[in-house]
Each structure stands twice: as C-alpha cells, then as structure tokens.
J.: 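Structure in structure tokens, see below.
Scope of the values below: all heavy atoms of this structure, side chains included, with no hydrogens, waters or symmetry mates. The chains referred to below are lettered A, B, ... by the order of the sequence lines, with proteins before strands, and numbering in each begins at 1.
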2 protein chains.
Amino acid sequence: MRVLITAGGTSEKIDNVRSITNHSTGRLGCLIAKEFLHKQVTVDYVTTVQAKHPVEDKKLKTHEIAGTQELTEQLQHLLQKNHYDAVIHSMAVSDFTPAQTFSQEGFLEEINHLFKEKNGPLTKADLTQIAATNTTEEKKISSDIEQLYLVLQKTPKVIQLIKQIQPETLLVGFKLLVDVSKQSLITTAQTSMEHNQADYVLANDLAKITKHQHIGYLIDKYGQLVDEKQTKEDIATLIVETVMN
Amino acid sequence: MRVLITAGGTSEKIDNVRSITNHSTGRLGCLIAKEFLHKQVTVDYVTTVQAKHPVEDKKLKTHEIAGTQELTEQLQHLLQKNHYDAVIHSMAVSDFTPAQTFSQEGFLEEINHLFKEKNGPLTKADLTQIAATNTTEEKKISSDIEQLYLVLQKTPKVIQLIKQIQPETLLVGFKLLVDVSKQSLITTAQTSMEHNQADYVLANDLAKITKHQHIGYLIDKYGQLVDEKQTKEDIATLIVETVMN
C-alpha cells in the first residue's frame with residue numbers, strides 16, 4: 001500500500017524577502033504519516049521547510065515545496081509516476097497569490113488615469129486590467145512607501161488535480177474554518193467535498209484548536225458524520241483506520 | 001556585560017490563518033549569541049517561534065514574539081528593565097502591516113462612490129480614508145473571492161526605540177538589500193545608520209547570501225568600512241569583537 005500525504009502551509013512570494021504564509025505546524029500530518037508507517041504503508045510526504053517533519057523511516061520519502069505553483073508541479077509529478085491507494089491532503093494551501101504591488105501614488109495614478117479616460121464608474125474588468133498592467137517584478141519593495149496596495153489573485157484549487165490524474169484514489173480533504181457553528185462547518189465541508197471530488201473531509205475549526213485539543217469531524221461523501229475526535233492523535237488514527245478499512 | 005540580540009523575521013497577521021512574513025532563518029543571530037555566551041556575556045535573545053534558536057545556556061534568556069507590535073512591547077519592556085552594553089538588532093522586521101482587506105467588488109464600490117461624490121480625481125487622502133473606513137476584522141477571508149485588495153500601512157521603525165530608551169548603548173543595525181552594487185549598499189546602510197542612530201551597521205545583499213556564503217560589510221558611524229566578511233561565522237566574530245573592544 002502506498003499513500004501521499006501533504007502537510008504544512010504554503011508561502012506565496014511578495015518579493016525576495018516577504019511572503020504571504022498560511023499557518024500550519026504540520027503536526028497532524030506527521031501523526032498521520034507515523035500511523036501509516038507503523039502499518040508498513042509506503043508514504044510520500046509533501047511539506048514545507050518550516051513545517052514539522054516526520055521522523056525518518058525507510059518507507060518514507062519527503063518532498064519539500066514552498067508555494068502553490070511548486071506544490072502543483074510536485075503533485076502532478078508524483079501522481080503521474082506512482083499509484084496511490086489514498087491521498088491525505090492536509091496542507092494549508094494559499095488561496096491567493098500576490099499579482100501586483102503598487103505604492104499609494106502609483107495606484108492613485110492608475111485609477112485616476114482610467115477614471116479620466118472612461119469619464120464614469122470603473123468596472124471589475126478595469127481593476128483586473130490595472131492589476132495586470134505593471135508586470136515589473138519587485139526585488140525588494142522599498143520600506144519608504146507610506147501605504148502599499150497589494151493585489152492578490154485567486155490560485156487554482158490544487159486539490160482538484162488529484163482526482164483528475166488518479167480518479168480511483170481515495171481522497172481525504174481538509175476544511176478549516178474559524179469560529180463557526182458545527183452545522184455551518186459540516187455544511188461547508190460537504191460543499192467543498194463535492195467541488196473537489198473528495199471521498200472524506202476532515203472538518204475543523206481554528207477556534208476549537210488549542211495546544212492539547214483539536215476537535216475534528218470526519219464526513220463521508222454522502223455527507224454523513226463518520227466520527228468526531230478531540231485530539232490530533234485521535235484524528236490521525238481515525239483517518240488511517242478509515243482509509244485502510 | 002549584558003547584550004540584547006534580536007533575530008529571525010516578524011509576521012504580520014492578515015487574518016487568523018494568513019500572515020505576511022519576513023524571511024530570516026535566525027542562523028546569524030544564533031552564531032552571534034553563541035560567541036557572546038562563549039565570552040561569558042549575559043544575552044537576552046528576542047526571536048520568533050519559526051527561527052532557529054540558540055543552544056540553551058544559563059546566561060541566555062530567550063523571548064519569543066510574532067509581529068512588530070509585540071516586538072515593540074518586548075523591547076520597551078527589556079530596555080526599561082535592564083541596562084545593555086550593546087544591542088544587536090538583526091531581526092528582519094516587517095515594514096508593512098495589513099490595514100485593510102477588500103474584495104474586488106467591495107473596493108470598486110468604495111472608489112466609484114468617492115469619484116461620484118468628488119466628481120474629479122482622487123487624492124492620497126481619499127485612498128487613506130478608504131483604507132481606514134472598513135474596520136471589520138476578518139476571521140478568515142473567504143477563498144471564493146477572485147481578487148483581493150490588501151492595503152498595507154508602514155509600521156513604525158522599531159530600531160529607533162532603542163537609542164530613545166538607552167542613548168548610551170552601542171547599537172548594531174542591519175541593512176539587507178537585494179542585488180545592488182557594493183557602493184549603493186554601503187550608501188544605503190550609512191543613511192539608515194543616521195536615521196536610526198546606530199553605531200554600526202552590517203550591510204548585506206540577499207543575492208550574495210547562499211548556503212555557505214554570506215558577504216557582509218560592517219560600517220561604523222563615520223561611514224567607514226570596518227571590515228568585510230564572507231561567512232556568517234566570520235560576521236558573528238567580527239560583530240562580537242567590535243562590540244567588546
């Protein structure tokens with residue numbers, strides 16, 4: 001048996017010294033890897049430099065990535081090369097990537113110019129065009145600017161790649177929300193499962209995650225709650241047992 | 001003798017799951033701490049969870065911070081409580097902090113509204129006002145937005161606190177640029193030294209930092225090049241010897 005696990009949080013470069021980072025310690029991913037390795041399963045583990053890494057093991061191969069583009073390429077490569085019985089996609093992937101940076105002056109110039117040209121309200125297409133115009137890549141944004149305007153573009157959903165390449169693999173997705181009701185969390189998890197063709201989703205709420213507690217709901221593709229756990233260790237065991245049965 | 005060292009890179013929260021992070025491994029800071037500890041100097045070490053930490057030592061006290069606000073408070077606290085013979089400020093501090101987030105639609109609405117009201121070009125004050133209006137704090141920005149507009153505000157220069165509180169301490173600042181000439185790097189370092197009342201600045205260029213090389217120029221307050229080094233270890237030794245002589 002062979003599984004692919006993603007864990008940690010991606011970083012998207014703003015310039016050479018700054019990034020937008022999605023927080024994720026990678027601790028839950030490590031526990032999932034440990035459980036699989038204990039059961040003699042071969043694990044490909046995709047993570048970041050910053051995240052906690054699993055303890056070395058002869059059945060474990062770790063692949064480090066930084067941003068969503070690199071993650072996409074790494075997953076394409078692995079999914080085309082190996083057959084996976086399951087993919088556990090616990091990585092916190094950036095939903096947005098910096099497309100454009102403007103100083104307040106520069107941004108003002110762009111919008112005033114367009115307003116003058118159109119002599120009327122701007123449209124979404126106008127803003128999109130402004131964001132696409134200035135393609136100079138900044139090496140390091142000057143710290144002398146008073147206000148900076150950062151335009152971020154939605155990234156493609158990396159999770160959707162998985163079933164496109166391996167329709168027969170068992171896919172476990174993750175959905176993290178912040179301070180919502182259990183019902184709202186489960187409903188959102190169901191919707192994301194349909195969009196991403198996942199077989200299970202582990203739904204969790206940041207407000208219910210502390211050092212020693214991690215409340216997680218495992219939902220199956222029929223929208224049914226498989227089980228509910230209170231710690232990272234128990235969530236890892238639940239996922240591994242569900243995948244292996 | 002007692003010194004204060006800052007190292008690592010700060011993170012500014014965008015929402016509960018995303019931050020803007022300044023990259024810094026904290027490796028050079030660790031080497032500087034190690035040299036001081038080896039010479040029986042008491043070290044207060046301010047760093048982040050993510051950065052490399054120095055090896056524990058009875059003369060070392062570590063203080064963890066995340067963002068610039070927390071860094072400011074920690075430095076004020078330490079500088080008011082203890083007398084430092086020197087402060088080595090190697091931390092990469094965020095120059096900008098997220099002030100406001102808009103969806104493309106929300107931002108468009110704001111600027112079109114202002115244009116209609118003014119019937120003429122917008123000014124910097126108008127943009128500043130837009131950035132200040134929406135004060136709703138986002139728990140987690142929805143990933144369904146196509147384009148996100150992030151307004152970032154310049155942070156106060158934390159380094160300027162140091163001499164304000166302890167005018168008699170010896171302050172070593174750091175200046176990192178990316179891919180510039182040696183002359184331009186040294187000139188920028190001199191300017192930053194004057195602004196921040198530093199006694200020395202270690203000027204370095206990200207393009208000249210690799211795994212085994214770290215080119216650094218130590219400049220004194222008269223703008224003279226004290227010395228030039230090729231590795232983190234040699235830079236650490238140079239700084240500690242300069243401070244102790």
J.: Given heavy-atom pairs under 4.5 angstrom as the criterion, report whether the side chain, backbone, both or neither of A:Gln50 touches chain B.
T.: neither
J.: Looking at B:Ile20, B:Leu177, B:Leu108, which has the largest count of heavy-atom pairs under 4.5 Å with chain A?
T.: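 Among B:Ile20, B:Leu177, B:Leu108, the one with the most close pairs to chain A is B:Leu108.
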J.: At a 4.5 Å cut-off on heavy atoms, which part of A:Ser11 comes close to chain B: side chain, backbone, both, or neither?
T.: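 For A:Ser11, no heavy atom lies under 4.5 Å from chain B.
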J.: Heavy-atom cut-off 4.5 Å, strictly under: side chain, backbone, both or neither for A:Tyr149 against chain B?
T.: both
J.: Under 30°, 30 to 60°, or over 60°: which ring-plane class applies to A:Phe107 and B:Phe107, parallel, tilted or perpendicular?
T.: tilted
J.: Which answer fits A:Leu206, side chain, backbone, both or neither, if we ask what part of it has an atom under 4.5 Å from a heavy atom of chain B?
T.: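 Side chain only.
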J.: Tell me if the CD atom of A:Gln213 is crowded by more than 12 foreign heavy atoms within 6.0 Å.
T.: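 More than 12 heavy atoms, drawn from other residues, nucleotides or ligands, come within 6.0 Å of this atom.
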J.: In sequence, state the C-alpha distance, the side-chain angles, and the governing distance for A:Glu228 and A:Lys182, and then conclude on salt bridge (charged side-chain N to carboxylate O under 4.0 Å, His left out).
T.: CA-CA 11 Å; A:Glu228 167 178 346; A:Lys182 178 176 165 179; 3.2 Å; yes
J.: By a 4.5 Å heavy-atom criterion (distance strictly below it), what part of B:Thr123 contacts chain A: side chain, backbone, both, or neither?
T.: backbone
J.: Measure distances from B:Glu12 to the heavy atoms of chain A and classify the residue's part below 4.5 Å as side chain, backbone, both or neither.
T.: neither
J.: Could you give the distance from CG (A:Leu122) to CD (A:Glu117), rounded to the nearest 0.5 Å?
T.: 10.5 Å
J.: I need the A:Glu70 CD to A:Leu75 CG distance, nearest 0.5 Å.
T.: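 Those atoms lie 11.0 Å apart.
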J.: Heavy-atom cut-off 4.5 Å, strictly under: side chain, backbone, both or neither for A:Lys157 against chain B?
T.: side chain
